[in-house]
Amino acid sequence: MKRPGRSPGLFLWAYQEVLSGCSEPKAGLILESFQCGGVKRSISTISAILNLPQQGIVMSRENSDGRIYAFGYSPAAIGLMGSRTAAVNAGFLLPRLTSGMSVLDVGCGPGSITVGLAEAIAPGEAVGVDIEASQIEIAREKAAKLGLGNCRFETASVLALPFPNDVFDVVYGHTILMQFSDVGPVLEEVKRVLKPGGLAAFREIDFGASLYGPADVAMKTVMSTLQRSVRENDGYPDIGRDLPALFAGVGLNVLSARPVYAYSPNAEARAGMYRAMSGLWTQADFVNEAVGKGWITEDERASVARRLEMEAKDPGGLSGTTYVEVIGQMPA
């Protein structure tokens with residue numbers, strides 16, 4: 001159940017997703033906001049767009065349980081997490097949901113997917129859990145503003161879910177398993193809280209199967225830097241290709257498994273994605289880690305940011321991120 005001994009992929013799951021196949025006007029506004037003024041203004045803009053409280057947005061990359069989260073909690077990262085929706089990020093699961101079900105969203109972050117799941121199963125209850133308390137505060141505020149009485153959030157680890165056995169019809173997760181080099185204990189905990197016949201639905205990244213070109217683009221430097229950070233922080237970011245086998249290995253019956261690409265389909269989307277990448281490169285803790293440990297120099301960091309801005313205007317570039325969506329079922 002542990003990550004195989006090969007070079008892992010990358011822990012990046014939001015940029016292309018926000019801008020590919022997503023018609024919501026929020027996405028472009030969020031990405032633009034990263035380039036507007038200083039951090040304080042970015043936080044305010046992101047909060048206003050996503051209905052997030054400005055309090056609770058933290059800059060730490062360490063979770064409440066001491067685990068290192070390579071993506072971090074910068075304003076850019078939180079804005080991107082908050083732009084995820086059930087329609088886009090859990091679309092593979094929605095057709096299987098019915099009114100009255102109980103759903104658990106593990107690693108829910110700011111709750112933007114959870115609220116969509118709650119709407120799909122009303123009057124059934126959707127519960128979101130995340131180890132980071134500040135994210136739970138944001139999620140609760142969002143649900144309250146939407147008036148969702150069937151949606152609640154708790155601070156908890158996916159390794160120790162605060163629920164009895166056999167209580168949920170569905171457990172959903174988005175890019176959460178990739179944070180663990182050994183996902184066995186996580187999947188066993190997921191199984192524990194699922195009812196007989198219940199569904200486990202996860203969407204995980206596989207950057208080793210993703211496409212970036214030409215070979216010398218700045219995006220490749222960003223990806224390799226992030227890759228190293230994830231590897232050294234005990235993650236499993238190439239988990240997508242192994243996800244069906246991991247499900248089967250713990251006794252889940254694999255009902256469906258498919259890889260999907262997230263990409264920027266046109267010049268406008270590409271420009272927005274690269275602007276977001278440049279903003280995150282400036283803010284992200286994994287880049288600070290890279291400089292601090294001597295993986296890259298400050299000059300190289302500045303050069304990559306400039307090159308990203310230039311590549312945003314280059315129609316010859318390609319960036320396609322691979323996700324794998326798997327649904328498994330508990331034995332009846």
Mind running side-chain hydrogen bond (donor to acceptor under 3.5 Å, both in side chains) on E309 and S278 for me, showing each step along the way? CA-CA 7 Å; E309 294 287 351; S278 180; 3.2 Å; yes

Please test Y236 against D242 for side-chain hydrogen bond (donor to acceptor under 3.5 Å, both in side chains), starting from the C-alpha separation and ending with a verdict. CA-CA 10 Å; Y236 191 167; D242 296 324; 2.7 Å; yes

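Interatomic distance, CE of M81 versus CD of E132, reported as 9.0 Å (0.5 Å rounding). In this structure, CG on L243 lies 6.5 Å from CG on L177, to the nearest 0.5 angstrom. The structure places CZ of R140 at 11.0 Å from SG of C151, a figure rounded to the nearest 0.5 Å.
A donor-acceptor pair under 3.5 Å is formed between the side chain of S112 and the backbone N or O of R84. A side-chain donor-acceptor contact under 3.5 Å links N150 to the backbone of A118. Counting only distance, with no hydrogens or angles, the side chain of E204 and the backbone of G240 share no donor-acceptor pair below 3.5 Å. Using modelled atom types, one side-chain atom of Q329 and one backbone atom of G197 make a donor-acceptor pair closer than 3.5 Å.
When all heavy atoms are compared, the tightest approach of A257 to V326 is CB-CG2, 3.9 Å.
Exactly one of T282, N288, T221 qualifies for a side-chain contact (heavy atoms from CB on, under 4.5 Å) with R301. That residue is N288.
In summary, the side chains of D234 and S181 do present a donor paired with an acceptor at a separation below 3.5 Å, with no hydrogens or angles considered.
Ring geometry, H174 versus Y323: the interplanar angle falls from 30° to 60°, so the pair is classed tilted.
Proximity of Y172 to T114: side-chain heavy atoms (C-beta onward) are nowhere separated by under 4.5 Å. In this structure the side chain of M330 never reaches within 4.5 angstrom of the side chain of P196, judged on heavy atoms. The side-chain heavy atoms of E137 and F153, taken from C-beta on, include no pair separated by under 4.5 Å. Counting heavy atoms from C-beta on, the side chains of N253 and F247 never come closer than 4.5 Å.
Residues in residues 187-200 take part in these salt bridge (charged side-chain N to carboxylate O under 4.0 Å, His left out) pairs, two or more places apart or across chains: D169-K195, E188-K191, E189-R192. Residue pairs meeting the salt bridge (charged side-chain N to carboxylate O under 4.0 Å, His left out) criterion with at least one partner in residues 320-331, sequence neighbours excluded, are R203-E325, R258-E325. Annotation: salt bridge (charged side-chain N to carboxylate O under 4.0 Å, His left out) contacts involving residues 110-119, sequence neighbours excluded, are absent.
Not counting sequence neighbours, the partners of K293 by the side chain to side chain donor-acceptor pair (under 3.5 Å) test are E289. Applying the side chain to side chain contact (heavy atoms under 4.5 Å, CB included) rule to D299 yields the partners T297; only residues at least two apart in sequence or on another chain are considered. For E154, the salt bridge (charged side-chain N to carboxylate O under 4.0 Å, His left out) criterion is met by R152, not counting sequence neighbours.
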